[in-house]
Each structure stands twice: as structure tokens, then as C-alpha cells.
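Just below is one structure, and these are the notes that go with it.
Worth knowing before you read on, the calculation uses all heavy atoms, side chains too, and leaves out hydrogens, waters and symmetry mates.
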Amino acid sequence: CIVGANLKVSKTIKALANLTTPFTTQNPFAPWGVSPQAKRLHSLCSFLFFRYLCSVMWLEFNIARRLSSRKDGARAGVMERVAVVATAVSLAVIVVTLSVVVGFKRDLGHLLSGAVADVVITSPHSRGTLSAEGLERSEALEALFADERIESYAVYTAKEGVLKSADNIVGVILKGVERGYDLKLYADHIVAGELPRIGEEPRTRDILLSEVVAEKMDAQVGDRIEMVFIDGGGQMIRDRYSIVGIYRTGVEMIDNSFAITDIGNVERLYNDFEGLVTGYELKLKEGVDNQLVADELNERLIELYYAEDIDGEAFTLGDIFPTVYFWLATHDLNALIVIVIMIVVALLNMTTALLIIVLERQRMIGELRALGMSGWRVVRLFLFRSLFIVGRGVVWGTIVGIALCAIQHYFAIVPLPAEGYLLSAVPAAMCWGWWALAVVGSVAVATVVMLLPAAYASRISPSETMRYE
């Protein structure tokens, strides 16, 4: 140690000797005219400050590491093991909770936007779904969609009807779409048959039903099915369609509501819909604020109404399905409560464990204080000790939590009743950003709270602990 100290001192003296040249010569090429001697002095000061920090922190870190070492078959104390397990369980629960909450929002948002779109423009009376009043197709209206945030748009025409057989009746919304309409959601969830043929000449009577509706009607692919409608004059209209495909999304409000066909099959059901459609569906680019786009479109639609007498209004998914998004908001509150409870449980166990460790190490603390260690360095020592405990719990909890989420994400082994939860399986999103934030936040909160028992260690008197030794 003495040789090393002498070497450090000699190097420091030698470095300082190089700075004896007066600071008179300025380097004209140096930025801001700073002399090379000043740069060397700044570098030396930074080096010495860094070495000072290392020398101050290394002793406490090394002692904490030796206390946490499990070499030679040594086992951790009971309270330390309890603290590690409590931290691991708490963090695993936090990881799973975040994954499920984010998964609900992601999966429901993806399915609803695939079935309805991110923003829908219809007559103000329809609130984004159906209306007895159509919306005029015009170039002036479609010019509003020339926005870099809008990926694509498509028109649709829809009408309520009743599927009828000899024994059953089921109410659905028959949604007619044009060629080029994005049917990826339904294509990804086809369980039998194929997608209906759209935009062909002559027009087909193909229809795509959900598995829920097909089971209620006891219908299969290839069957012909009758549908009954009521026109604007109160007259009954009957039509027959051929079932070419069956889909299942797992979202009850989609599966119970929509049947897909060619737009011409729906247009012929309206007597006064010449040149009109039910609405426009807008697909937005990833990360775009739906509500902001809808608000801006509504401002321009008001101007268009006075200029072209086109009466339309933009609705978001939150406007069309308010109960679903209110239900998702309650999940945010539930998740926050669970996370807070888990953090409190972990912190209580950590605080108890560290207090017991402090009491068990009173003699060591007294010896260190007697040898000249300051109270603040004792606090740092036990902060490092607590971080070793928290670190083991965080590592194990993160591994277990992510493993559980990955199993559910890829295999969906935990089902859900779609009637109450809208989805048929528990969603699990691989939300790495939220997980990293949870880990960093948990460690930061634990470090702050551990200051209390660590501060207690700094108040232990060396004379009291060593009196009877």
C-alpha cells in the first residue's frame, strides 16, 4: 500500500511539474483560445476527482460485497432470503400486471381499429356506426384525407338486418365494402372458408359471418342464408346470401355484430341512398394521435358544411365504443393499485431485513467507527448491502415475470370468458420499455427507502457496541 501510494504521489508531482510553464502562450488553433496548459490542468483535476470518488466508494462497496458473498457454502440469513423472495415476487407481479394491461389496450385497439378503423367519418347522427342519413361522396370531402398522418381511407355502407332460418333469428350489421378495402383483420381470423369476393362483375352474394353467429344459426360454409331488412318506408325486404367464410376474433362486440359482403348488396337495400354511403373509414399511421386528427378534421368539416353542404363528423374509437375505453381506463387504476401494493410489500420486507442485518452487525459497525469511518460512509456501506439484496430479487423477479408473459404471449394458455372480458384469452404484451421503467423505478424507490435503516446504522455508538467485548 505504501509503495502504491508513493507511486501515485510521484506521478501526481510529476504531472504538476509539467504545469509550471506560465499560461502565457495561447494556441491560436485551440477553440475559445484555451491554452494547452489549462487543458492539462483540467484533465488532471478530473482524473484526481475520479480517483478520489473511487477511493471513497470502493471500501464500502468491497465490505458490502464480502458480506453478501456466499462462498464456502455460507447461506444467507432467514430475513435476507425473505427479502429477496418478497422483492422477486413483487417485481414478477408488477411485470405481469404491466404486460396484461398493455396487452388489453394493444389487442383490443388493434381488433377494434381493424373492424371499424381509427377514425370514422359519418353523418353526425350515426356516431360512427349506422345512420338513416347517408354521407355524400365528393372530391372536396376526400381532399381532406390528403394528410401525411392518414395511411389510407375507404368507404362503406351498412344496414341492420336479421338472419333468419326455420328455427333461429340473429340480428347483425351487414357491412358492404368496396374492392381494395382492408380485410386483413378478417383474413387473419378466418376459421373456415375464405373471404367474400368483392367488386366482381356480376356482383356476388357472398357473405362472411362470425363463428358465434354461424353457431347460433346452425350454418356452415356453403349454406345459403336468408336476411330480412326494413327499409325507410317500413317495408320488409328479404334477400339471400351464400356463406363463403367464417371468422372468429374473440372480441364479442365484433363477432356478434358484423357480417361482411360487397357494397353493392347493401346499397340496393336503400331507396334514397343514390350516390351516398354510410361513411369513410380512415387508417392512421402508427403512433398518430387519433383524437387530434379527429378534432382537426371536425374543424375542416364545419367549413366544408358551409361551403358544400356536406354534413359529416369524425369519430374516434373512443367515441364509438365509450364503454370499452372507460373499462380499459379502470384497468389502469387497478394496475396502479396492484403495483403500489407490491412495492410497499417489498419495501416493508426489505426494511425489516436490513434492520435485522444492522442489529446483527453492531460489533462490526462499532469497530469501523472506532477505526475512523464516518457515519455517512456507514450509510453508504449498508446502502450497497441493500442493493445487493434488491439486485438478486430484481433479477429473479424479472426473469420469472418475463418468462410467464412470454409463455402466455406465444401459447395463450390462460383463457378468458369473452362475455365479460371481450377477449378469449389473457393478453400479454412484450412491453420492454415499461418493464425497464418498472425495474429502474423499483430499484430507485428501494434505494431511497433503504436510507432509513442505513441511517440508523450510522447512529450506533462504538463505545456501546464494544463495551462488553
Side-chain angles (χ1 to χ4, degrees), residues 103-104 107-117 129-130 156-177 181-198 204-230 236-263 265-266 269 278 317 320-321 323-324 327 408 410-428:
F104 261 113
D107 290 359
L108 275 178
H110 172 72
L111 291 171
L112 292 176
S113 64
V116 179
T129 52
L130 295 172
Y156 74 98
T157 301
K159 188 171 181 61
E160 310 98 320
V162 175
L163 294 168
K164 181 179 179 297
S165 67
D167 301 318
N168 303 296
I169 58 171
V170 177
V172 296
I173 297 173
L174 185 63
K175 184 175 181 179
V177 298
Y181 184 90
D182 185 7
L183 292 172
K184 184 176 184 304
L185 170 71
Y186 299 99
D188 292 341
H189 293 86
I190 286 281
V191 295
E194 60 185 7
L195 294 174
R197 292 167 291 178
I198 304 296
T204 66
R205 296 295 183 88
D206 295 351
I207 190 172
L208 178 69
L209 295 180
S210 72
E211 187 178 50
V212 174
V213 172
E215 289 178 352
K216 290 179 180 179
M217 297 299 299
D218 194 22
Q220 299 177 352
V221 173
D223 293 349
R224 292 185 62 81
I225 193 166
E226 183 181 18
M227 198 165 183
V228 180
F229 307 90
I230 303 297
M236 184 180 295
I237 303 175
R238 296 176 180 269
D239 211 343
R240 296 184 68 85
Y241 302 93
S242 176
I243 302 174
V244 296
I246 295 175
Y247 72 91
R248 180 183 66 238
T249 66
V251 180
E252 184 184 14
M253 64 178 55
I254 296 177
D255 293 347
N256 286 341
S257 301
F258 293 106
I260 308 300
T261 189
D262 189 285
I263 193 171
N265 294 330
V266 184
L269 301 174
T278 300
L317 289 174
I320 301 171
F321 304 105
T323 55
V324 174
W327 179 70
Q408 181 64 21
Y410 291 107
F411 302 104
I413 60 175
V414 181
L416 277 178
E419 297 80 7
Y421 292 93
L422 304 178
L423 298 176
S424 57
V426 175

Practice task
May I have the step-by-step check of side-chain contact (heavy atoms from CB on, under 4.5 Å) for Glu194 and Ile190, ending in yes or no?
Solution key: CA-CA 7 Å; Glu194 60 185 7; Ile190 286 281; over 6 Å; no

Problem - CA sep, side-chain torsions, deciding dist, call: Leu163, Val213, side-chain contact (heavy atoms from CB on, under 4.5 Å) - result: CA-CA 9 Å; Leu163 294 168; Val213 172; 3.4 Å; yes

As an exercise, state the distance from [atom1] of [X] to [atom2] of [Y], rounded to the nearest 0.5 Å.
{"X": "Glu215", "Y": "Leu209", "atom1": "CD", "atom2": "CG", "result": "12.0 Å"}
{"X": "Thr157", "Y": "Ile263", "atom1": "OG1", "atom2": "CD1", "result": "3.5 Å"}
{"X": "Ile169", "Y": "Lys216", "atom1": "CD1", "atom2": "NZ", "result": "11.5 Å"}
{"X": "Tyr247", "Y": "Glu211", "atom1": "OH", "atom2": "CD", "result": "11.0 Å"}
{"X": "Leu185", "Y": "His189", "atom1": "CG", "atom2": "NE2", "result": "5.5 Å"}

Closest heavy-atom contact between [X] and [Y]?
{"X": "Ile225", "Y": "Lys164", "answer": "CG1-O, 4.4 Å"}
{"X": "Ile246", "Y": "Ser210", "answer": "CG2-C, 3.9 Å"}
{"X": "Asp107", "Y": "Pro427", "answer": "OD2-CB, 3.2 Å"}
{"X": "Ala117", "Y": "Leu317", "answer": "O-CD2, 3.2 Å"}
{"X": "Ile198", "Y": "Val177", "answer": "CG2-O, 3.2 Å"}
{"X": "Ala259", "Y": "Ile207", "answer": "CB-CD1, 4.0 Å"}

Is a side-chain donor or acceptor of [X] paired with a backbone partner of [Y] at a separation under 3.5 angstrom?
{"X": "Ser113", "Y": "His110", "answer": "yes"}
{"X": "Thr278", "Y": "Ala158", "answer": "yes"}
{"X": "Ser242", "Y": "Arg205", "answer": "no"}
{"X": "Lys175", "Y": "Asp262", "answer": "no"}
{"X": "Thr204", "Y": "Arg197", "answer": "yes"}
{"X": "Asp206", "Y": "Val244", "answer": "no"}
{"X": "Asp223", "Y": "Gln220", "answer": "yes"}
{"X": "Glu160", "Y": "Val172", "answer": "no"}

Practice task
Could you give me the CA-CA distance, side-chain angles and deciding distance for Met227 and Arg240, then say whether side-chain contact (heavy atoms from CB on, under 4.5 Å) is met?
Solution key: CA-CA 6 Å; Met227 198 165 183; Arg240 296 184 68 85; over 6 Å; no

Handout entry: Test side chain to side chain contact (heavy atoms under 4.5 Å, CB included) applied to Phe229 and Val162, Leu269, Val266, the passing residue
Key =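 Single side chain to side chain contact (heavy atoms under 4.5 Å, CB included) partner of Phe229 among Val162, Leu269, Val266: Leu269.
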
In the structure I gave you, are the side-chain heavy atoms of [X] and [Y] within less than 4.5 Å of one another anywhere?
{"X": "Tyr186", "Y": "Ile260", "result": "yes"}
{"X": "Asp167", "Y": "Asp218", "result": "no"}
{"X": "Val324", "Y": "Leu112", "result": "yes"}
{"X": "Leu111", "Y": "Ile254", "result": "yes"}
{"X": "Phe258", "Y": "Val116", "result": "yes"}
{"X": "Lys159", "Y": "Ile173", "result": "no"}
{"X": "Tyr241", "Y": "Leu174", "result": "yes"}

Exercise for the section: Establish, from distance only, whether the side-chain atoms of Asp255 and Thr249 form a donor-acceptor pair under 3.5 Å. Expected result: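 Note: Asp255 and Thr249 side chains meet the donor-acceptor criterion.
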
Practice task
Walk me through it: do Leu195 and Leu208 pass the test side-chain contact (heavy atoms from CB on, under 4.5 Å)?
Solution key: CA-CA 7 Å; Leu195 294 174; Leu208 178 69; 4.1 Å; yes

Problem - Trp327/Phe104 aromatic ring centres below 6.0 Å - result: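 Ring centres of Phe104 and Trp327 closer than 6.0 Å.
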
Handout entry: Ile230, CD1: over 12 other non-hydrogen atoms inside 6.0 angstrom
Key =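 Count over threshold, so yes.
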
